[in-house]
Amino acid sequence: MYVVTGATGNTGHVVANRLLDQKRKVRAIGRSKDRLEPLVARGAEAVVADLNDQNALIKAFNSADAVYVMIPPNEKSQTPLADQRRMASSLTGALKQAQIKYAVHLSSIGADKESGTGPVTGLHEFEKMLDQLPELNVVHLRCGYFMENTLGEVAAVTKMGYTVGLLRGDLKIPLIATKDIGNRAAELLLDLNLRGKQTQELLGHSDLTMTEVAKIIGQAIGKPDLHYQQLQPEQIQPVLEQMGMSSAVADLIIEMSAALNSRHMRALEQRSERNTTPTSYESFAKEVLLPLYRQEKAA
């Protein structure tokens with residue numbers, strides 16, 4: 001029996017479906033019964049639960065062999081780091097009480113740092129909590145920058161004619177598609193060759209700059225001269241808040257971007273076959289970003 005937290009999210013639904021493909025028993029935890037229905041239709045057991053409800057989690061984790069564990073983002077939180085800490089404590093306590101032996105944890109590059117990394121600070125704390133469970137064999141998957149984080153560029157291109165962001169235009173960072181994260185997590189869970197406490201970085205297909213990302217987007221949408229413009233925090237903050245983020249979450253995103261720009265937050269492993277994944281940004285732009293751009297233009 002496998003338990004998947006965040007089972008309707010970008011990575012969790014991939015993990016759950018991969019496990020179901022292999023005819024494994026899956027208990028899928030999510031916040032919406034309706035959104036869990038596609039997994040139920042494939043044979044999963046649905047559990048509608050708040051990850052802060054430790055008693056509900058203990059029940060959900062009961063008799064499980066392994067758990068995919070993650071902290072879903074909450075862009076409206078007024079106290080994001082405190083909320084992350086509370087959820088991490090709930091998950092850790094449930095894993096301990098249910099005597100879970102194996103887990104894969106969705107973490108991030110930069111989780112080696114205690115502070116100054118925005119929301120990744122919460123993942124650092126969660127890693128430390130999980131590492132305190134003596135019976136748990138866990139892999140912390142420290143992933144690169146999600147390709148999905150660039151989907152907001154669709155609105156920027158439509159409204160302004162160029163891509164924007166807080167990152168330096170010449171800063172190379174590892175970009176990864178969330179489906180590749182889900183697939184790797186599922187492989188680790190299926191293998192269950194987890195021993196002790198481990199960290200593994202997952203760095204996507206390649207390292208790219210935001211200038212290169214803009215060029216690839218431009219090629220995909222038929223704007224070969226598309227360029228990237230780095231904005232200052234005071235320019236981005238109101239935009240993030242207009243998108244629905246609380247000011248506290250926006251502050252953390254700004255801090256994380258500064259940490260990437262200064263290289264305080266960066267990958268520690270050399271790129272290798274093990275930490276490289278198949279989805280290129282070119283294919284992501286064509287398969288995911290281009291349809292969104294066409295919808296935006298048609299609206």
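Computation of the quantities below employed the complete heavy-atom set of this structure, encompassing side-chain atoms and omitting hydrogens, waters and symmetry-equivalent molecules. Nothing here was measured: the structure is a model prediction, and the numbers come from that model.
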(message) Working note: Glu201 + Arg274, criterion salt bridge (Lys or Arg N to Asp or Glu O under 4.0 Å); need CA distance, chi angles, decisive distance, verdict.
(response) CA-CA 9 Å; Glu201 290 188 345; Arg274 186 179 84 154; over 6 Å; no
Exercise: identify the closest heavy-atom pair between [X] and [Y]:
| X | Y | answer |
| --- | --- | --- |
| Leu189 | Ala66 | CD2-CB, 3.8 Å |
| Val47 | Ala60 | CG1-CB, 4.1 Å |
| Ile254 | Pro233 | CG2-CB, 3.8 Å |
| Cys143 | Leu106 | SG-CD1, 3.8 Å |
| Met265 | Ile109 | CE-O, 3.2 Å |
| Leu36 | Gly30 | CD1-N, 3.9 Å |

Donor-acceptor check, side chain of [X] to backbone of [Y], threshold 3.5 angstrom: yes or no?
| X | Y | value |
| --- | --- | --- |
| Asp191 | Glu187 | no |
| Asn261 | Leu166 | yes |
| Arg35 | Thr8 | yes |
| Ser246 | Ser77 | yes |
| Thr121 | Gly118 | yes |
| Tyr68 | Thr11 | no |
| Ser89 | Arg85 | no |
| Glu37 | Asp34 | no |
| Glu153 | Val164 | yes |

Same cluster (ILVMFWY, side-chain, under 4.5 Å), [X] and [Y]:
| X | Y | result |
| --- | --- | --- |
| Val69 | Val3 | yes |
| Tyr145 | Ile181 | no |
| Val239 | Leu231 | yes |
| Leu208 | Val157 | yes |

Side chains of [X] and [Y], donor plus acceptor under 3.5 Å:
| X | Y | result |
| --- | --- | --- |
| Asp170 | Thr209 | no |
| Asp131 | His140 | yes |
| Ser107 | Arg142 | no |

(request) Might you work through the salt bridge (Lys or Arg N to Asp or Glu O under 4.0 Å) test for Arg31 and Asp50, ending with a clear yes or no? (result) CA-CA 6 Å; Arg31 289 171 286 191; Asp50 186 329; over 6 Å; no
(request) Please check if atom NZ in Lys223 has more than 12 non-hydrogen atoms from other residues, nucleotides or ligands closer than 6.0 Å. (result) no
(request) Show your reasoning for whether side chain to side chain contact (heavy atoms under 4.5 Å, CB included) applies to Gln237 and Asp251. (result) CA-CA 8 Å; Gln237 179 104 22; Asp251 286 343; 3.2 Å; yes
Ion pair [X]/[Y], N-O distance below 4.0 Å:
| X | Y | value |
| --- | --- | --- |
| Arg27 | Glu45 | yes |
| Asp65 | Lys25 | no |
| Lys128 | Glu125 | no |
| Lys197 | Glu127 | no |

(request) Answer with yes or no after comparing the ring centroid distance for Phe126 and His105 against a 6.0 Å cut-off, counting only values under it. (result) yes
(message) What verdict does the side chain to side chain contact (heavy atoms under 4.5 Å, CB included) test give for Phe284 and Thr150, after you've listed the backbone C-alpha separation in whole Å, the side-chain angles of each residue and the deciding distance to 0.1 Å?
(response) CA-CA 10 Å; Phe284 177 83; Thr150 67; 3.9 Å; yes
